[in-house]
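Heavy-atom basis, side chains included; hydrogens, waters and symmetry copies ignored.
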Amino acid sequence: MTSSFPPYDVLIVGAGLIGSCLALALGQSPKLRIALVESNPPDLGDVLQGTYDLRVRAISRASENIFKNLGAWQGMAAQRISPFREMHVWDGTGSGEIHFDSAEIGEPHLGHIIENQVIQNALLKQCQNLNNIDLYAPVHACGIIQHERKIYLQLTEGQRLGARVLIGADGANSRVRQWAGISNRGWDYQQKGLVATVQTEKPHQETAWQCFLPHGPLAFLPLDNPYYCSIVWSTTPEEATRLLALEDQEFTTALAAAFEYRLGAIEALGPRAAFPLRLRHAETYIQPRLALVGDAAHTIHPLAGQGANLGLLDAATLAEVLIAAQRRKKDLGSLAVLRRFERWRKGDNLATQLVMDGFKRLFGDTQFPTRLIRNFGLITTNAATPIKCLIMRRASGLTGDFPLLAKPGVIKSWGMDTSNYV
């Protein structure tokens, strides 16, 4: 093992959204030494005005609290964030529709739409401000070596990085999960999510719009310019291939028609891309000296935009568990410590996956009885204000069994405040 690498307490593989958030959360404890490993060189430049990232995230209020408590929110707001205050959801094959308005629950907004690059830049810049976080990028790993008291990440150059616990935050195709031999169960949706940035004839009104079509949902997510939206069009792989091949004018015409011209014509179109949609859940999140977070542990259908929020809650929860263990002089990589994280997060992640899967199947069924039931359900729920408010509070991350970092304004010196831990 190369002696130039210092020993670490926590080694995080993957410096994306979830990995960098976890590093920053752990970095609040000055006694922990953290290594953040990424195979791609990080891009820390601010986003260009007028050029939108294809990947955007629907950030809940709980995730917003995490970013604020870690000091990263200001960096995001200084670049580009887009609040959404209302949501319109309707069945494209019927008359059912539901309208959510943050004013009904006494809140200024339901969440934010933020580009992936904006979030990652702000988190990594905050990490750079902490002297107990080391970023290794680009670095390529080829395996892990587990010992009784330590775990090592084997690098392709022949070197190793060692720590008391290793975290896989390296996405849906996690190599850490594969190296650990953890099985990953689930199914393919036989759908692709087509994404693009569009300019609409009418302003989006700081509203998230979603229409359920026979082959999948079509969402228009508001960006900071009132006439720009990020779209996610879930459809069959064959239809996604056809849509990608269309000329811009043909595509914008088809898109506006599918969306029932709710925002008028589509006046401009950016690059298009598509990705497969799958549900996956790791059989276990933990092994001795190893844990999985975010998409490495679970993936979800994007119809409600909950994937990133679940991963951020994973990161905040694991950080809380590890910092509490470190203060009590417990072994960070022991199963006793890591099981607390898994018990806290696995049930909620699985429940959210199953609810989103149920919605996907319900709205994908074109049989008349199912269409009748779901349209009646939308109309009835829209009229039942107390139920609608409960849905809004839950979906927006205003209620739930959350870690401390996901709660508003309760943490000032989180890494050094032991009163929060029982």
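- At least one donor-acceptor pair closer than 3.5 Å links the side chain of Arg289 to the backbone N or O of Glu148.
- Relative to the six-membered ring of Tyr285, Lys346 meets both conditions, a distance below 6.0 Å and an angle of at most 45° to the axis.
- Proximity of Ile167 to Leu292: side-chain heavy atoms (C-beta onward) are nowhere separated by under 4.5 Å.
- Remark: Arg272 qualifies as a cation-pi partner of Phe251 under the 6.0 Å distance and 45° angle criteria applied to the six-membered ring.
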Apply side-chain contact (heavy atoms from CB on, under 4.5 Å) to residues Leu194 and Val232 and explain how you reach the verdict. CA-CA 6 Å; Leu194 188 154; Val232 183; over 6 Å; no
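- For the atom pair CG of Leu277 and CG of Asp188, the computed distance is 9.5 Å after rounding to the nearest 0.5 Å.
- For the pair Asp170 and Arg177, the salt-bridge criterion is not met [side-chain N within less than 4.0 Å of a carboxylate O].
- Between Arg61 and Glu64 there is a salt bridge, with a side-chain nitrogen of the basic residue lying less than 4.0 Å from a carboxylate oxygen of the acidic one.
- For the pair Ala219 and Gln210, the tightest heavy-atom approach, listed with the atom from each and the gap, is CB-OE1, 3.7 Å.
- Gln191 and His301 get closest at one heavy-atom pair: OE1-NE2, 2.9 Å.
- Ring planes of His109 and His112: perpendicular class, angle over 60° (limits at 30 and 60°).
- Side-chain atoms of Asp101 do not come within 3.5 Å of backbone N or O of Glu86 as any donor-acceptor pair.
- Between Ala273 and Leu244, the shortest heavy-atom distance links the atoms N-CD2, 4.0 Å.
- A distance of 12.0 Å separates CD of Gln178 from OG of Ser183, quoted to the nearest 0.5 Å.
- Glu115 and Arg55 are not joined by a salt bridge, as no carboxylate oxygen comes within less than 4.0 angstrom of a charged side-chain nitrogen.
- Taking 4.0 Å as the cut-off between side-chain N and carboxylate O, Asp9 and Lys31 do not count as a salt-bridged pair.
- At a threshold of 4.5 Å between non-hydrogen side-chain atoms, the residues Arg280 and Arg185 do not count as touching.
- A donor-acceptor pair under 3.5 Å is formed between the side chain of Gln154 and the backbone N or O of Gln159.
- For the salt bridge (Lys or Arg N to Asp or Glu O under 4.0 Å) criterion with Arg85, the lone passing option out of Glu206, Glu104, Glu107 is Glu206.
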Check the pair His298, Gln353 against side-chain contact (heavy atoms from CB on, under 4.5 Å), reporting the backbone distance first and the verdict last. CA-CA 8 Å; His298 46 81; Gln353 278 187 318; 3.8 Å; yes
Stepwise, does the side-chain contact (heavy atoms from CB on, under 4.5 Å) test hold for Lys388 with Phe100? CA-CA 7 Å; Lys388 193 165 62 168; Phe100 299 105; 3.4 Å; yes
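- Aromatic rings from Phe259 and Trp90 are positioned such that their centres are separated by under 6.0 Å.
- A 4.5 Å side-chain heavy-atom check between Asn40 and Pro138 finds every atom pair outside the cut-off.
- Counting heavy atoms from C-beta on, the side chains of Met87 and His99 never come closer than 4.5 Å.
- Not one N or O on the side chain of Ser396 forms a donor-acceptor pair closer than 3.5 Å with the backbone of Arg393.
- Using bins of under 30°, 30° to 60° and over 60° for the plane-to-plane angle, the ring pair Phe67/Trp73 lands in the parallel bin.
- Separation of the Tyr136 and His140 ring centroids does not fall under the 6.0 Å cut-off.
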Go through the steps to decide whether Asp314 and Asn349 satisfy the test side chain to side chain donor-acceptor pair (under 3.5 Å), and finish with yes or no. CA-CA 9 Å; Asp314 287 352; Asn349 288 336; 3.2 Å; yes
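- Panel note: side chain Thr299, backbone Asp295; no donor-acceptor pair is recorded below 3.5 Å.
- Thr399 and Arg394 get closest at one heavy-atom pair: O-NH1, 3.3 Å.
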